[in-house]
Amino acid sequence: MRRDVFQAIADPTRREIIQMIATTPLNVNTVAENFDVSRTAVYKHIKILTECGLIVMRQKGRERYCEAQLERLQEVADWAELYKKMWSARFGLLDNVLAGMQVNDKKPGRKK
């Protein structure tokens, strides 16, 4: 089953795993040691990240390493950008309204 990248970032543990391996691949045991949950739970998070395409597992000798594939996060950035543009436009309109209200309050003869 191919999971959605939004499922990957929905969980704080998975976000932390992504952050841990973003700059350098780590073996699975090293990742698991950083959490207060069972190794099985960490493996399940890693499995979801793998299914989402954010992690690739590489075998080096007897160790399995988690390597980040962060290109898929662009999908999240693109989605968020749509809302950023919308809210920026709305806040721009609000700024104009507030600026107009301040001008009206400063007109001579106007009582507060």
Side-chain angles (χ1 to χ4, degrees):
M1 174 170 112
R2 187 71 173 185
R3 292 183 187 257
D4 177 295
V5 70
F6 292 91
Q7 287 176 302
I9 63 169
D11 185 272
T13 301
R14 290 193 289 270
R15 290 193 303 267
E16 193 170 337
I17 291 170
I18 292 168
Q19 186 174 354
M20 287 174 59
I21 64 169
T23 56
T24 185
L26 295 174
N27 70 36
V28 177
N29 289 327
T30 302
V31 172
E33 289 170 358
N34 286 284
F35 296 96
D36 291 333
V37 295
S38 69
R39 287 188 192 281
T40 304
V42 173
Y43 281 109
K44 286 181 182 180
H45 285 297
I46 290 172
K47 181 180 179 195
I48 290 169
L49 290 168
T50 302
E51 291 171 356
C52 293
L54 291 174
I55 287 182
V56 172
M57 298 302 292
R58 305 245 190 248
Q59 190 79 29
K60 292 184 183 178
R62 294 175 55 201
E63 299 282 335
R64 293 181 68 206
Y65 283 81
C66 302
E67 185 177 309
Q69 302 289 308
L70 302 180
E71 300 82 23
R72 290 284 319 273
L73 289 176
Q74 187 61 46
E75 183 179 344
V76 176
D78 293 343
W79 178 82
E81 185 63 28
L82 294 172
Y83 291 95
K84 179 181 176 187
K85 287 178 183 177
M86 178 189 69
W87 282 106
S88 292
R90 287 183 178 190
F91 284 130
L93 292 172
L94 179 60
D95 285 342
N96 292 340
V97 169
L98 293 174
M101 290 173 68
Q102 288 177 343
V103 168
N104 288 336
D105 283 346
K106 291 181 181 179
K107 286 185 178 178
R110 180 160 173 98
K111 294 183 180 180
K112 292 186 180 182

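The structure places CD1 of Ile46 at 8.5 Å from CZ of Arg64, a figure rounded to the nearest 0.5 Å. Rounding to the nearest 0.5 Å gives a distance of 10.5 Å between CG of Leu26 and CD of Glu33. Within the model, atoms OH of Tyr83 and CH2 of Trp87 stand 11.0 Å from one another, a figure rounded to the nearest 0.5 Å. Interatomic distance, Leu70 CG to Gln19 CD, rounded to the nearest 0.5 Å: 11.0 Å.
Using modelled atom types, no side-chain atom of Arg14 and backbone atom of Ile9 make a donor-acceptor pair closer than 3.5 Å. Judged by distance alone, with hydrogens and angles left aside, the side-chain atoms of Glu16 form no donor-acceptor pair with the main-chain N or O of Ile18 at under 3.5 Å. With hydrogens and angles ignored, the 3.5 Å screen pairs a side-chain donor or acceptor of Asn34 with a backbone N or O of Thr30.
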Please tabulate, for side-chain N and O atoms in residues 73-81, each donor-acceptor pair with protein atoms closer than 3.5 Å (sequence neighbours left out).
residue : atom : partner : partner atom : Å
Gln74   : NE2  : Asp78   : OD1          : 2.7
Glu75   : OE1  : Arg72   : NH2          : 3.3

Can you give each donor-acceptor pair under 3.5 Å made by side-chain atoms of residues 36-43, sequence neighbours left out, with the distance rounded to 0.1 Å?
residue : atom : partner : partner atom : Å
Ser38   : OG   : Ala41   : N            : 3.1
Arg39   : NH1  : Asn29   : OD1          : 3.3

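Remark: Lys84 engages no residue in a salt bridge (Lys or Arg N to Asp or Glu O under 4.0 Å) (not counting sequence neighbours).
Taking every heavy atom of both residues into account, Glu67 and Ile21 meet most closely at C-CD1, 4.1 Å. The minimum heavy-atom distance between Ala22 and Ala68, with the atom names listed, is CA-CB, 4.0 Å. Between Val31 and Met20, the closest heavy-atom pair is CA-CE, 3.7 Å. For the pair Glu63 and Asn27, the tightest heavy-atom approach, listed with the atom from each and the gap, is OE1-ND2, 3.1 Å. Contact between Ala8 and Leu54 at its shortest, heavy atoms only, is CB-CD1, 3.4 Å.
Side-chain contact check for Lys85 versus Ser88: every heavy-atom pair is 4.5 Å or farther apart. The shortest distance between side-chain heavy atoms of Leu93 and Val97 does not fall below 4.5 Å. In this structure, Phe35 and His45 have side chains that are not in contact, with every pair of non-hydrogen atoms separated by 4.5 Å or more.
No continuous path of hydrophobic side-chain contacts links Ile17 to Ile48 [ILVMFWY only; heavy atoms under 4.5 Å]. Note on Leu49 and Val56: separate hydrophobic clusters, where clusters join Ile, Leu, Val, Met, Phe, Trp and Tyr whose side-chain heavy atoms are under 4.5 Å apart, directly or indirectly.
The neighbour count for Met101 CE, taken as heavy atoms of other residues, nucleotides or ligands under 6.0 Å away, does not exceed 12.
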